[in-house]
Every structure is written in structure tokens, then in C-alpha cells.
Student: 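Below is the structure I would like to discuss, written out as C-alpha cells.
The chains referred to below are lettered A, B, ... by the order of the sequence lines, with proteins before strands, and numbering in each begins at 1.
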2 protein chains.
Amino acid sequence: MKAKPKLEDVAKAAGVSPTTVSRVLNNRGAISDKTRKRVHDAVQRLNYHPNEIARSLFVSKTHLIGIIFPSTSQPFFGEMIAQIENLLFEKNYKVLICNTMDQADKEKNYLNMLLASQVDGVIIGTHSLGIDAYLQAQLPVIAIDRDATGTVTVVRSDHYQGGRMATEELLRQGRTRIVHVNGMHTRRSLSCSQQQKGYEDAMEAHGLPCKTYNIESSLDIRAKKQLLKTMIASHLNLEGIFLSDDITAAIALSIIRKMDRDIAVVGYDGTTTVTTCLPELTTIVQPIRAMAKLTVDLLLKEISNEFSGIKRNYVLPVTLKKGE
Amino acid sequence: MKAKPKLEDVAKAAGVSPTTVSRVLNNRGAISDKTRKRVHDAVQRLNYHPNEIARSLFVSKTHLIGIIFPSTSQPFFGEMIAQIENLLFEKNYKVLICNTMDQADKEKNYLNMLLASQVDGVIIGTHSLGIDAYLQAQLPVIAIDRDATGTVTVVRSDHYQGGRMATEELLRQGRTRIVHVNGMHTRRSLSCSQQQKGYEDAMEAHGLPCKTYNIESSLDIRAKKQLLKTMIASHLNLEGIFLSDDITAAIALSIIRKMDRDIAVVGYDGTTTVTTCLPELTTIVQPIRAMAKLTVDLLLKEISNEFSGIKRNYVLPVTLKKGE
DNA sequence: GTGAAAGCGCTAACAA
DNA sequence: TTGTTAGCGCTTTCAC
């Protein structure tokens with residue numbers, strides 16, 4: 001196996017200088033058609049591929065974006081990541097992916113890896129690590145769905161409205177004894193409190209009492225199921241549950257069916273995956289595509305140094321999807 | 001905003017040579033405790049982070065692995081990618097992710113991007129591009145679930161057994177009029193034909209007639225739903241359907257419920273996501289974790305030049321998960 | 001329209 | 001135990 005050809009090899013093969021080859025490849029300066037052709041032929045002949053690493057080193061830009069999320073295996077993140085990745089690809093950026101699995105130390109390691117890899121920017125969709133760690137990095141950063149007041153640009157959806165709409169949908173169905181299950185706690189500190197506020201305001205507007213249960217996100221499905229089972233069994237006259245993510249809602253739904261109770265459920269996220277598997281689930285849909293688009297746009301602007309100073313929160317509207 | 005400190009800056013601050021700093025940071029050679037401390041202090045003080053790009057250029061190894069899959073938004077791939085990423089992280093590799101969205105041209109572009117980025121190896125989970133494109137690259141490659149006879153190492157699960165087990169489960173339930181829906185066609189040419197063979201052999205062993213429908217993977221959910229609806233409506237005495245992925249199976253299940261027909265369904269993949277959302281679905285479970293582990297192990301071995309010549313197929317067993 | 005030379009930030013021979 | 005020097009593969013002044 002022979003070594004990869006380099007610029008110099010192409011230059012020799014084409015009988016020109018390395019500079020000329022570089023110019024042809026990057027379309028810079030004036031080149032005669034004859035030379036251009038000779039160079040292209042040589043590139044073809046040697047099956048030459050430019051070494052992006054060497055290029056990056058010189059121009060100190062890698063076209064690499066690090067994205068940090070809990071895990072691609074959760075539909076919400078999987079779908080978000082797919083969108084982000086597609087948009088970045090169109091703009092010629094490559095994506096370094098980091099699944100933190102909600103472990104702060106892993107996230108910490110990743111951040112260092114990303115910095116060492118000279119990424120041009122970072123998208124954070126996690127909460128384990130303090131935002132300071134990212135600010136220190138002096139890197140363009142956009143956070144998704146994170147509570148970071150003014151220090152970093154944040155894109156999120158309107159969780160207050162989401163909580164409110166979910167609760168109002170249950171009320172509209174004539175349910176009054178409604179509890180809120182706040183799953184995925186560590187994962188989304190902000191969304192949790194906002195959703196809860198929406199739920200509470202909606203309930204109070206009708207003079208109804210509130211009750212929120214918290215279920216740790218780190219728990220596995222078995223454990224969540226057990227907790228939900230106990231909770232539901234202890235509420236003999238429960239009529240509705242609002243759960244802050246669709247997976248937990250799906251678990252609740254199956255428990256309710258098995259217990260043969262009449263309890264309405266509203267979930268949260270509205271991913272394509274879950275709504276396809278469970279079209280009967282009523283849920284609050286986060287605008288994943290729009291969030292991804294905005295995030296990427298903002299990040300690329302920050303990278304190109306527009307809007308550098310302005311850190312603000314962008315809040316996108318959610319919608320209700322009624323179960324079939 | 002001051003420029004990032006480099007090795008030289010640290011050297012100056014510590015009053016030593018760049019070489020010494022490099023040695024301290026990489027734990028090479030013998031260094032006096034005093035110097036070591038001085039260097040570490042300087043690193044701390046300047047908040048220095050080594051430039052991995054420069055290092056990569058020198059050692060011509062990037063610790064970057066490219067992984068090419070249709071999309072993180074599909075649970076099977078999302079879960080597979082999360083596993084792969086975790087295992088690679090443990091071995092100090094970073095992951096460049098590529099969602100091809102089943103578009104051959106995008107995959108082609110990605111491959112070139114990966115080559116230019118000097119990745120140390122590639123994992124392919126797609127079928128759009130011919131395997132030749134990858135072989136040409138002269139790069140360590142492992143393919144997942146792909147039909148590539150002898151030219152590249154392949155990891156997959158036993159789709160023949162999967163098809164057989166699925167069909168036999170339906171037969172065990174007393175169903176005899178069973179059709180096979182081969183979804184996700186382009187996505188997995190190999191698995192399709194193997195599953196079908198398993199289905200056919202199981203049916204023929206009982207002297208029953210076979211019928212396989214193909215549904216293009218590129219279709220959206222609406223279209224798939226329509227096709228399935230028509231298909232089911234046209235079979236007045238259908239008793240069972242084996243579908244080659246869980247998402248399509250979920251769609252079928254909801255149609256059947258709405259039509260109030262008595263048709264048993266068996267799906268394929270058995271992802272955590274779908275089995276959580278739809279615990280009542282009977283499905284064939286692919287050993288995602290084991291596949292990821294084997295794939296990563298094989299790739300790292302190829303990268304370190306062990307087993308370089310041996311390209312073979314590794315087939316892992318599937319299991320049946322009965323619906324609740 | 002083209003080339004020679006310097007250097008991006010790092011590491012590894014080779015000296016001392 | 002430490003420093004000097006050269007060079008990884010590329011791009012870009014500056015000169016012709």
C-alpha cells in the first residue's frame with residue numbers, strides 16, 4: 001500500500017509548483033487553462049485528496065461543529081440531531097457528536113476533546129455541566145432548551161404555553177383531577193419548571209388543586225414504570241395526567257390500559273417516532289425542525305462574527321396534537 | 001479577545017523549551033519534578049489546551065471515526081449510534097456523524113469529506129453507495145448489515161432466523177394466512193432478502209402459501225399508511241402480518257385496531273424506544289449493543305493493523321420478544 | 001501567470 | 001534532564 005499522494009506529488013506529476021496546484025484546487029488567482037487542465041489530470045491520475053487537517057492548521061478553521069446531547073437513542077434528540085446535522089452539512093460543516101448519557105464527567109471530557117479538536121462552534125443540548133465551562137472556552141456556543149440568563153444564546157420552545165395547553169386540553173375533556181409528572185428532571189431544568197408553571201396556572205384558573213410528581217430521568221424504564229404504577233394506583237379517582245415527555249407518557253398509557261382505568265394522558269415532545277408508534281397519544285409538539293434551523297443559523301452567524309455581542313433567548317411556539 | 005496560547009507561550013511562561021512542555025504533556029522521557037510542576041503551573045495559568053489538529057498533522061492519526069447511517073432519527077440507528085459512540089469514546093476516539101437520508105449523492109459527498117478529514121476509520125450502515133467507493137479509500141472499514149461478499153468486514157444479525165422466528169410465532173398463534181411486508185427496502189437489501197427467505201421457509205414447512213409486499217423505505221408515513229390500509233382491506237381473511245421493521249409494524253397495528261380486525265402482527269428491530277412505546281408489539285430483537293461492540297472492536301483492530309487481511313461476515317443471533 | 005520561502009502548532013531525532 | 005532543529009501538508013505573501 002503506497003502512501004497517500006500529497007500536494008507536492010501532484011505538483012511534480014503536473015510539472016508545476018505546489019503553489020500552482022493549491023491555487024487551482026482553491027480557485028484562487030489567475031491560472032492559464034493549460035496549467036489548470038494539467039493539474040486536474042494529475043489529481044485524477046494520482047487519486048489525490050487534499051489533507052483537510054493540514055489546511056485547517058494553516059487557516060485555523062476546522063469546519064467542525066461539536067454537538068453535545070444526552071443521547072441519540074432518545075427520539076427527541078435523535079430527530080433534533082438529524083435536523084441539525086443536515087443543515088450543517090448544507091453549509092459545509094462536519095459534526096462531531098457527543099452523547100453525554102447525562103454524566104457530567106463525560107460531558108466535561110467531551111468539551112475538552114472538542115476544544116482540543118479546534119471545533120469552530122458548539123451546540124449544547126445538555127444540563128449536567130455549568131454554563132461557565134462553555135463560556136471559558138471562548139467559543140461560539142448556542143444552547144438548546146437551557147436556562148442560561150444572558151450569558152449565552154438559547155433556543156427553546158415555549159414550555160410555559162406547552163404546560164398550559166396540555167392542562168387545558170385535559171380540562172376541556174372534562175377532567176378535573178389532574179396530576180403532572182415531571183420526568184427527565186436533570187435533563188431539562190428549565191423546561192421542567194416552566195411546564196409546571198403552565199400546568200399550575202391552568203389548574204388555578206379553574207380553582208383546581210395541583211400536584212406534581214418528579215421522576216428522575218436517569219431511572220430506567222422498569223423503575224419508571226414501577227413509580228408510575230404506584231402513583232396511579234394510589235389515586236383512585238384520578239382523571240388525567242400530564243407528563244413532560246412522550247416516552248414516560250407512553251409508559252403511563254400502557255399501565256392505564258392494563259389497569260383498565262379511565263385516565264386521559266397528555267405527553268410532551270411530539271416526535272415523529274412516538275406519534276407514529278402511538279398515534280392515539282395526545283401530546284404537545286415541540287417545533288424540532290424550526291429549533292434546529294434557528295440554532296444552526298445563529299451559530300453560523302456567531303462563527304462569522306455577526307451578532308457577536310448579543311446573547312438572547314429565542315422562544316418558539318409549541319402546538320397541540322390531539323390523539324386519534 | 002486574546003489569541004489562544006500555544007505550546008511556545010507555555011514554554012516561555014515556564015522558562016523552558018517547547019520540547020520540554022510537549023514531553024511533560026505527553027508523559028514522555030524523563031523530566032525533573034521541578035520542571036514538571038513549572039510547566040503544569042504555566043499551563044494552568046494560561047488556560048492552555050493543546051491543538052489536536054497540529055498534533056494530528058504530525059503523527060498522521062486523527063482519532064476520528066466517521067460513521068455513516070441513514071438517520072439518527074430512526075430509533076434503530078439512533079440506538080446503534082449511541083452505543084457505537086459510547087464505545088469509541090472509551091477508546092478515546094471521536095465520532096464524525098453522517099446522516100445520508102438515503103441519498104446516494106449525499107453519501108458520496110460525506111465519504112469525500114471523511115477522507116479529507118483524515119478519519120482513521122469508517123463504519124457504514126447504509127446501502128446507497130457501492131462498496132467499491134469505500135474500498136478505493138484504502139481505509140479501515142466495517143459495514144453493518146450489508147451485503148458485501150468478502151471485500152469488507154460485515155457485522156449483522158441473523159435475518160434468516162429472524163424471518164423464520166417471526167413467522168413461526170404467528171403460526172404458533174394458530175394463524176395460517178400470513179403475509180410479509182418488506183419495508184425499508186433500499187435501506188437494507190441484505191436483511192430484506194434474508195428475512196423473506198426465513199418467512200418463506202417457515203411457511204413452506206407448513207405447506208402454506210407465501211406473499212411478500214414491498215414498501216419503499218423512502219415513502220413518508222402517510223403514504224405507507226395508505227398502502228398498508230389498502231393491502232389489509234384487500235385481504236378479507238388475513239390473520240397475520242410479519243413486517244420487517246417496527247415502525248411500519250406500529251402503523252399496521254394502529255390500522256388494524258381502527259378497522260377492528262383480528263390480525264396478529266410481528267415487527268422487527270426491537271429497539272428500546274419502540275418496545276417502550278408499544279409493549280404489546282411482538283417483535284424480533286436485533287442485538288444492537290452486541291453489534292455495536294463487535295463493530296467497534298473489529299474496527300479498532302483493523303486500525304491497529306491486526307487482522308488486516310481477514311474480511312468476513314459476523315452474524316449475531318436475534319431473539320423473539322413477545323408482546324405483553 | 002507562476003514559483004520560492006516562510007510558517008500554521010506540534011513532535012521526535014539528535015545533540016548537549 | 002533539557003534544548004536545537006527539522007518537518008508533518010498545506011496556503012499565502014512577495015517576488016519575478
Side-chain angles (χ1 to χ4, degrees), chain A residues 2-40 42-43 46-64 112-120 138, chain B residues 2-43 46-64 112-120:
Chain A
K2 51 187 179 298
K4 283 184 198 153
K6 37 189 193 176
L7 199 71
E8 203 189 319
D9 301 324
V10 178
K12 270 186 194 143
V16 296
S17 77
T19 318
T20 303
V21 178
S22 170
R23 278 201 274 250
V24 171
L25 263 38
N26 297 294
N27 265 321
R28 260 192 258 296
I31 304 280
S32 72
D33 283 358
K34 200 168 56 184
T35 341
R36 188 183 303 278
K37 188 178 177 327
R38 285 235 303 270
V39 170
H40 278 138
V43 165
L46 300 183
N47 189 27
Y48 169 76
H49 288 269
N51 183 330
E52 189 66 28
I53 293 291
R55 184 165 204 287
S56 293
L57 181 57
F58 190 89
V59 300
S60 46
K61 182 150 184 3
T62 53
H63 277 269
L64 235 40
N112 287 332
M113 258 193 176
L114 292 180
L115 289 176
S117 301
Q118 310 297 111
V119 294
D120 291 342
Q138 299 218 293
Chain B
K2 51 187 179 297
K4 282 184 198 151
K6 36 189 194 175
L7 199 70
E8 203 190 320
D9 301 324
V10 178
K12 270 184 195 145
V16 296
S17 77
T19 317
T20 305
V21 179
S22 170
R23 279 200 273 249
V24 171
L25 263 38
N26 297 294
N27 267 320
R28 260 193 258 296
I31 304 280
S32 74
D33 283 358
K34 202 168 55 184
T35 332
R36 188 183 304 277
K37 188 179 176 325
R38 283 235 302 270
V39 170
H40 278 137
D41 286 352
V43 165
L46 300 184
N47 189 26
Y48 169 76
H49 288 268
N51 184 330
E52 189 66 27
I53 293 291
R55 185 166 203 289
S56 293
L57 180 57
F58 190 89
V59 301
S60 46
K61 180 151 184 8
T62 52
H63 276 269
L64 236 39
N112 287 333
M113 260 193 174
L114 292 179
L115 289 176
S117 301
Q118 310 296 114
V119 294
D120 292 342

Student: I want to confirm an ordering. Mapping A:E8 and B:V16 to their closest nucleotides on DNA chain D, which one lands closer to the 5' end?
Tutor: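 Closest to the 5' end, via its nearest nucleotide, is B:V16.
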Student: Please report, to 0.1 Å, the donor-acceptor pairs under 3.5 Å made by any side chain of residues 50-59 of chain A, with sequence neighbours excluded.
Tutor:
unit_1, atom_1, unit_2, atom_2, d
A:N51, OD1, A:I53, N, 2.8
A:N51, OD1, A:A54, N, 3.1
A:S56, OG, A:E52, O, 2.9
A:S56, OG, A:K61, O, 3.4

Student: What residues form a salt bridge (Lys or Arg N to Asp or Glu O under 4.0 Å) with B:D9, not counting sequence neighbours?
Tutor: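 If we apply the salt bridge (Lys or Arg N to Asp or Glu O under 4.0 Å) test to B:D9, skipping adjacent residues, there are no hits.
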Student: When B:V16 is tested against each of B:I31, B:V10, B:V21 for side chain to side chain contact (heavy atoms under 4.5 Å, CB included), which residue passes?
Tutor: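 Only one of B:I31, B:V10, B:V21 forms a side chain to side chain contact (heavy atoms under 4.5 Å, CB included) with B:V16, namely B:V21.
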Student: Heavy atoms of chain A, cut-off under 4.0 Å: which first and last nucleotide of DNA chain C, 5' to 3', fall inside that, if you could look?
Tutor: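 Using the under 4.0 Å cut-off, the span is C:dG1 to C:dG9.
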Student: Five pairs at each end of the helix from C:dG1-D:dC16 to C:dA16-D:dT1: take the axis at both ends and give me the angle between them to 10°.
Tutor: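 For the helix from C:dG1-D:dC16 to C:dA16-D:dT1, the axes at either end differ by 40°.
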Student: How is B:L7 classified with respect to the nucleic acid when contacts are heavy atoms under 4.0 Å: base, sugar-phosphate, or nothing?
Tutor: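 B:L7: base contact, heavy atoms under 4.0 Å.
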Student: Rounded to the nearest 0.5 Å, what separation is found between the NE2 atom of A:H49 and the CD atom of B:Q118?
Tutor: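 The NE2 atom of A:H49 sits 10.0 Å away from the CD atom of B:Q118.
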Student: On DNA chain D, reading 5' to 3', which nucleotide is the first and which the last to sit with an atom under 4.0 Å from a heavy atom of chain B, could you check?
Tutor: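 Contact boundaries, 5' end first: D:dT1 to D:dG9.
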Student: If you round to the nearest 0.5 Å, how far is OH of A:Y48 from NZ of A:K6?
Tutor: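 It is 10.5 Å, given to the nearest 0.5 Å.
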Student: With rounding to the nearest 0.5 Å, note down the distance linking CG in B:L114 to CG in B:D120.
Tutor: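 That separation rounds to 11.5 Å.
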Student: Could you give the distance from CG (B:L115) to CG (A:N47), rounded to the nearest 0.5 Å?
Tutor: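 Here the interatomic distance stands at 9.0 Å.
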Student: Is the shortest heavy-atom distance from the side chain of B:R36 to the side chain of B:T20 under 4.5 Å?
Tutor: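 Answer no - side chains too far apart.
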Student: Where is the tightest heavy-atom contact between A:A42 and A:A14, given as atom of each residue plus distance?
Tutor: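 Scanning both residues, the minimum pair turns out to be CB-CB, 3.9 Å.
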Student: How far does CZ of A:R28 sit from OG of A:S22, to the nearest 0.5 angstrom?
Tutor: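 That separation rounds to 7.0 Å.
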Student: Does the distance from a Lys or Arg side-chain N to an Asp or Glu carboxylate O, for B:D41 and B:K37, drop under 4.0 Å?
Tutor: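 Looking at B:D41 and B:K37, the cut-off is met.
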Student: So what does A:T35 touch, heavy atoms closer than 4.0 Å: a base, only the sugar-phosphate, or nothing?
Tutor: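 Sugar-phosphate contact only - A:T35 comes under 4.0 Å of backbone atoms but never of a base.
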Student: Measuring from atom CG of A:D33 to atom CZ of A:R38, what distance do you get when rounded to the nearest 0.5 angstrom?
Tutor: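 Here the rounded value is 12.5 Å.
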Student: Heavy-atom contacts under 4.0 Å between residues 17-30 of chain B and DNA chain C, which residues?
Tutor: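 Under 4.0 Å from DNA chain C: B:T19, B:S22, B:N26, B:R28.
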Student: Start with the C-alpha distance between B:T35 and B:V24, add both sets of side-chain angles, then the distance that settles side chain to side chain contact (heavy atoms under 4.5 Å, CB included), and finish with yes or no.
Tutor: CA-CA 9 Å; B:T35 332; B:V24 171; 5.6 Å; no
